[in-house]
S.K.: 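A single structure is presented below for examination.
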Amino acid sequence: MMSLLDLIKTTAMAAFQASNPVNIVVGEVIESKPLKIEVHSKLILTDEFLLVAEHLTRHERIVSIAYEYAQNFSSGRMGDALKQASSSRKNIRESEPNPYEKYDMKYAKFIFEDGLKIGDKVVLHRVQGGQKYFVSDRYKEGDSVW
């Protein structure tokens, strides 16, 4: 027989679950256009149930770039191995490659083409009420982190 305390806990949990609070799940893209994401074998979400963060779609950004010469970035700034910028470009009359030329570009338009692809692992947030899922980002795990 269930105690009064257990009955209250069970009732409170049932009421909480019935409200369909926001929940985080992971999935894998199984089709990119139209978008389909598999959460598990019995839950495949189609684009009508998905809200996708803009950075996971083809999108544009206006940027300004100021650059003088190639720089080295320490592993503390990059997160993994030391990075060094380099150039193989040669001026017409010079035999040696030049470092990047000094330039200052204002209001350049970048188009990011790296939308969701088949095999991408994604983080989804079930929107309160449970009808829609928000795709917030890709993720990696284990050996594929770097």
Side-chain angles (χ1 to χ4, degrees), residues 6 8-146:
D6 289 336
I8 291 171
K9 285 180 184 176
T10 302
T11 305
M13 286 302 296
F16 178 74
Q17 293 298 328
S19 69
N20 285 327
V22 174
N23 193 10
I24 298 174
V25 295
V26 294
E28 182 172 337
V29 175
I30 58 172
E31 284 186 35
S32 59
K33 199 169 183 177
L35 183 59
K36 286 186 181 176
I37 297 175
E38 181 178 83
V39 176
H40 53 74
S41 61
K42 293 182 179 176
L43 181 58
I44 295 175
L45 301 167
T46 59
D47 55 357
E48 65 193 274
F49 299 103
L50 297 168
L51 306 167
V52 180
E54 184 183 47
H55 72 277
L56 299 174
T57 66
R58 174 182 288 163
H59 66 282
E60 298 176 357
R61 289 284 187 257
I62 304 299
V63 299
S64 295
I65 300 169
Y67 190 85
E68 188 163 344
Y69 295 105
Q71 299 178 14
N72 293 328
F73 294 100
S74 68
S75 61
R77 290 184 66 192
M78 299 303 293
D80 59 352
L82 179 70
K83 304 287 186 201
Q84 181 176 9
S86 63
S87 172
S88 59
R89 182 181 176 278
K90 295 179 183 176
N91 286 336
I92 293 172
R93 293 186 202 113
E94 295 178 4
S95 59
E96 295 297 317
N98 281 337
Y100 296 130
E101 293 84 12
K102 179 179 178 178
Y103 61 90
D104 186 11
M105 185 182 300
K106 297 288 183 193
Y107 308 117
K109 180 167 69 174
F110 278 17
I111 300 173
F112 294 87
E113 305 278 353
D114 192 24
L116 291 173
K117 301 174 293 300
I118 294 173
D120 282 349
K121 295 180 188 273
V122 293
V123 178
L124 302 111
H125 304 251
R126 189 178 68 195
V127 176
Q128 193 161 10
Q131 298 300 311
K132 296 261 185 181
Y133 285 79
F134 174 67
V135 185
S136 64
D137 214 341
R138 295 181 177 97
Y139 77 93
K140 294 183 176 184
E141 60 188 339
D143 293 340
S144 65
V145 170
W146 295 109

S.K.: Could you name each residue pair satisfying side-chain hydrogen bond (donor to acceptor under 3.5 Å, both in side chains) that touches residues 106-125, not counting sequence neighbours?
M.R.: R58-E113, D114-K117, D120-R138, H125-S136
S.K.: In this structure, which one of N23, V122, V127, L43 forms a side chain to side chain contact (heavy atoms under 4.5 Å, CB included) with Y133?
M.R.: L43
S.K.: Atom CD1 of I111 and atom CZ of R61: how far apart are they, to the nearest 0.5 Å?
M.R.: 12.5 Å
S.K.: Can you establish whether the number of heavy atoms outside Y139 located under 6.0 Å from its atom OH is more than 12?
M.R.: yes
S.K.: With rounding to the nearest 0.5 angstrom, report the NE2 to CZ distance, H55 to F112.
M.R.: 11.5 Å
S.K.: Could you tell me the separation between the CG atom of L56 and the CG atom of L50, rounded to the nearest 0.5 Å?
M.R.: 11.5 Å
S.K.: Check each of L124, V52, L51 against F134 using the side chain to side chain contact (heavy atoms under 4.5 Å, CB included) test, and report the only one that passes.
M.R.: L51
S.K.: Using a 3.5 Å cut-off and no angle test, enumerate the donor-acceptor pairs between side-chain atoms of residues 28-39 and protein atoms at least two apart in sequence or in another chain.
M.R.:
none

